[in-house]
Amino acid sequence: MDSHTTTVLVPAVGQSYPIKTGTGLLGDLGRLVKTWTPKAKRVFVVSDQTVAPLYAETACKALANAGLESTVFTMPPGESHKTLATLESLYDAALAFRLTRRDVVVALGGGIVGDVTGYFAATFLRGVPFIQVPTTLLAQVDSSVGGKVAVNHHGLKNMIGAFYHPKGVLIDTDTLKTLTPRDFACGMAEVIKYAGLEATIVGNLPSPNLFEVLSSLSRDDAPAMARVIEYCCYLKAAVVAKDPEERLGVREILNLGHTFAHAFETLSEGQILHGEAVSMGLYRAYILAEKMQTLPTGTADAVKRLLLQHGLPVHPAVTWPAHAVVDLMKQDKKVQEAGQLRFVLPQMQLGQVEIRHDISETDVVWVLDTCQAEAGVSPSAISGV
Ligand SMILES: NC(=O)c1ccc[n+]([C@@H]2O[C@H](COP(=O)([O-])OP(=O)(O)OC[C@H]3O[C@@H](n4cnc5c(N)ncnc54)[C@H](O)[C@@H]3O)[C@@H](O)[C@H]2O)c1
Ligand SMILES: [Zn+2]
């Protein structure tokens with residue numbers, strides 16, 4: 001079995017947990033549950049209707065082989081089910097299963113299953129141990145690391161949530177084989193984002209750097225994918241360790257490309273997936289950096305080539321007037337401070353960023369219009385000027 005263990009340290013809460021990455025690891029779930037939560041007798045597995053038929057049987061067999069009793073709760077897939085209503089069904093099912101605080105909850109699925117299950121585990125009986133088994137690339141490199149768990153409320157994303165860390169994360173890279181090309185590409189957008197943060201997080205750019213590795217990475221090269229996933233977890237963990245509960249602003253760099261992305265995601269009303277919006281946002285962040293002369297010309301083009309190479313769009317299929325995008329950015333409390341937009345701006349070299357508070361609206365509009373012109377739509381035609 002090809003597996004490695006990375007340990008995430010979260011000093012502020014005196015807790016650390018392992019992230020185990022490798023192929024065929026799902027078959028090892030029972031042994032790992034016994035190692036990470038030795039007192040557990042019952043395992044409450046939460047999955048969704050796409051993932052459960054593919055992987056729940058292997059998971060439950062592995063648990064049974066380790067002498068653990070399990071049940072699978074299957075939720076419908078999709079953001080519209082990341083709700084309090086789903087949580088209520090989870091509480092009912094867990095009561096019926098007689099789940100106790102000595103037992104354990106396993107999240108088997110993408111980021112949606114992970115976020116809902118994590119919040120459920122944080123609140124049921126004031127907290128039941130939980131283990132993440134992320135099955136999408138996005139969940140493996142992003143949402144399963146960092147302890148943020150949440151559900152949506154009244155259409156507002158992640159309105160109700162907590163910080164609740166798992167006892168361990170099991171990443172079986174074999175599960176990626178069944179992911180649709182679109183969902184795989186969405187995960188790659190976050191992976192490419194890490195390439196833009198690498199020097200800032202580790203203090204220098206190793207050779208080869210992540211950007212170079214990704215330039216020749218193929219989805220079919222399972223060992224190389226596993227190494228990249230493990231490295232991304234390491235990078236996110238390094239940021240999270242410095243600011244476990246997001247109080248110092250250190251985690252803000254993880255929002256590279258997300259200021260533009262959130263606006264596109266909202267304007268598209270669900271047509272553009274998060275990772276696709278991040279891809280569009282990353283490209284625009286690099287164009288902005290070139291405009292601000294914090295990066296050599298040509299960097300945005302290199303980033304664009306990498307995004308396209310991994311099947312990601314850099315422009316939305318429909319376009320919105322720049323002022324509509326900027327208005328949305330301004331409403332995003334995460335990016336605004338005293339009337340100024342805050343940006344994670346690439347600087348000096350690919351891999352390095354800084355937080356900037358002094359980006360003018362004019363420059364942001366220029367970036368949006370430049371991209372719209374590149375996409376083949378004249379800015380004046382769409383803004384109606
Ligand atoms: N907690 C955090 O820090 C954090 C960070 C980033 C994103 N998120 C959240 O993550 C969610 C998005 O996660 P996601 O992109 O994984 O979406 P998702 O959970 O909806 O998964 C995408 C789709 O892939 C399917 N799927 C999952 N694994 C599969 C597999 N192995 N084979 C085939 N199909 C599979 C799912 O059923 C779903 O239809 C959002 O709700 C977002 O808010 C949380
Ligand atoms: Zn993201």
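Predicted, not measured: the structure shown is a model, and the values here were computed from it. Atoms within each ligand, like the ligands themselves, are counted from 1 in listed order. Only this structure's heavy atoms are used, side chains among them; waters, hydrogens and symmetry mates stay out.
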Original post:
Does a side-chain heavy-atom distance below 4.5 Å link Tyr234 with Ile201?
Top reply: no
Subject >> Ligand-residue contact atoms, ligand 1 with Gly110, heavy atoms, under 4.0 Å >> reply: 16 (O), 19 (O)
**OP:** Mind checking the CZ-CD spacing from Phe97 to Glu69? Nearest 0.5 Å is all I need.
**Re:** 4.5 Å
**OP:** Identify, for atom 17 (O) of ligand 1, the protein heavy atom at the shortest distance, and state residue, atom and that distance.
**Re:** Gly111 N, 4.1 Å
Original post:
Which ligand 1 atoms does Tyr55 reach within 4.0 Å, using its non-hydrogen atoms?
Top reply: 31 (N)
**OP:** Angle at the Zn ion (ligand 2): provide the value between NE2 of His274 and NE2 of His258, rounding to 10 degrees.
**Re:** 100°
Subject >> Residue part near ligand 1, for Gln49, under 4.0 Å between non-hydrogen atoms >> reply: neither
Original post:
Going by heavy atoms in the side chains, are Pro346 and Thr299 under 4.5 Å from each other?
Top reply: no
Original post:
Looking at atom 21 (O) of ligand 1, what's its closest protein heavy atom, distance included?
Top reply: Thr136 CG2, 3.6 Å
Subject >> Student check: side-chain heavy atoms of Tyr231 and Val213 closer than 4.5 Å >> reply: no
Original post:
When rounded to the nearest 0.5 angstrom, what is the spacing between NE2 in His81 and CG in Leu87?
Top reply: 13.5 Å
Subject >> Which residue and heavy atom of the protein sit nearest atom 41 (O) of ligand 1, plus the separation >> reply: Lys82 NZ, 2.8 Å
**OP:** Closest by any non-hydrogen atom to atom 28 (N) of ligand 1: pick that one out of Thr135, Leu138, Thr178, Val113.
**Re:** Thr135
Subject >> Nearest-neighbour protein heavy atom for atom 20 (O) of ligand 1, which is reported as residue plus atom name and distance >> reply: Ile112 CD1, 3.2 Å
Original post:
Atom CD1 in Ile131, atom CG in Leu170: separation rounded to 0.5 Å?
Top reply: 8.5 Å
Subject >> For Thr50, the ligand 1 atoms whose distance to one of its heavy atoms is below 4.0 Å >> reply: 34 (N), 37 (O)
**OP:** Supply the atom-to-atom distance Leu306 CG to Phe211 CZ, rounded to the nearest 0.5 angstrom.
**Re:** 4.5 Å
Subject >> Beyond-backbone contact of Asn158 with Asn152, side-chain heavy atoms, under 4.5 angstrom >> reply: yes
Subject >> Contacting atoms of ligand 1, where contact means under 4.0 angstrom from a heavy atom of Glu79 >> reply: 40 (C), 41 (O)
Original post:
Given the rule in the ring-ring contact (aromatic ring centres under 6.0 Å, His included) test, do Phe343 and Phe260 qualify, once you have shown the distances and angles that lead to the verdict?
Top reply: CA-CA 9 Å; Phe343 274 91; Phe260 288 105; 5.5 Å; yes
Original post:
Taking C-beta and beyond as the side chain, do Leu108 and Val113 meet within less than 4.5 Å on heavy atoms?
Top reply: no
Original post:
Heavy atom under 4.0 Å from ligand 1: found in His274's side chain, backbone, both, or neither?
Top reply: neither
**OP:** List the closest protein heavy-atom neighbour of atom 23 (C) of ligand 1: residue, atom name, distance to the nearest 0.1 Å.
**Re:** Asp183 OD2, 3.4 Å
Subject >> Spacing of Glu252 atom CD and Glu354 atom CD [to the nearest 0.5 Å] >> reply: 12.0 Å
**OP:** Just let me know how Val51 lines up against ligand 1, side chain, backbone, both or neither, with a heavy-atom cut-off below 4.0 Å.
**Re:** side chain
**OP:** Give a yes/no answer: is there an N/O/S atom of Asp142 under 2.8 Å from the Zn ion (ligand 2)?
**Re:** no
Subject >> Glu190 contact mode with ligand 1 (heavy-atom cut-off under 4.0 Å) >> reply: neither
Original post:
Any Lys/Arg nitrogen of Glu230 or Arg227 sitting under 4.0 Å from an Asp/Glu carboxylate oxygen of the other?
Top reply: no
Subject >> ligand 1-proximal atoms of Asn158, by part, heavy-atom distance under 4.0 Å >> reply: side chain
**OP:** Specify side chain, backbone, both or neither for Val149, according to which of its non-hydrogen atoms lie closer than 4.0 Å to ligand 1.
**Re:** neither
Original post:
Relative to the ring of Tyr91, is the ring of Phe120 parallel (under 30°), tilted (30 to 60°) or perpendicular (over 60°)?
Top reply: tilted
Subject >> For Asp48, atoms of ligand 1 separated by under 4.0 Å from a heavy atom >> reply: 36 (C), 37 (O)
Original post:
Which option, Ser143, Cys186, Gly118, Ser47, owns the non-hydrogen atom nearest atom 5 (C) of ligand 1?
Top reply: Ser143
Original post:
Which protein non-hydrogen atom lies closest to atom 42 (C) of ligand 1, naming both residue and atom, and how far is it?
Top reply: Lys157 NZ, 3.6 Å
Subject >> ligand 1 atoms in contact with Asp142 (distance to a heavy atom under 4.0 Å) >> reply: 5 (C), 6 (C)
Original post:
Would Glu374 and Lys304 pass as an ion pair if we require N to O under 4.0 Å?
Top reply: yes
Original post:
Any idea which protein heavy atom is nearest atom 9 (C) of ligand 1, and the distance to it?
Top reply: Asp115 OD2, 3.4 Å
Subject >> Glu190: its N/O/S atom lying closest to the Zn ion (ligand 2) (atom name) >> reply: OE2
**OP:** Could you tell me whether the side chain of Ser89 reaches within less than 4.5 Å of the side chain of Phe73, counting heavy atoms only?
**Re:** yes
Subject >> atom 39 (O) of ligand 1 [closest protein heavy-atom partner, distance rounded to 0.1 Å] >> reply: Pro77 CB, 4.0 Å
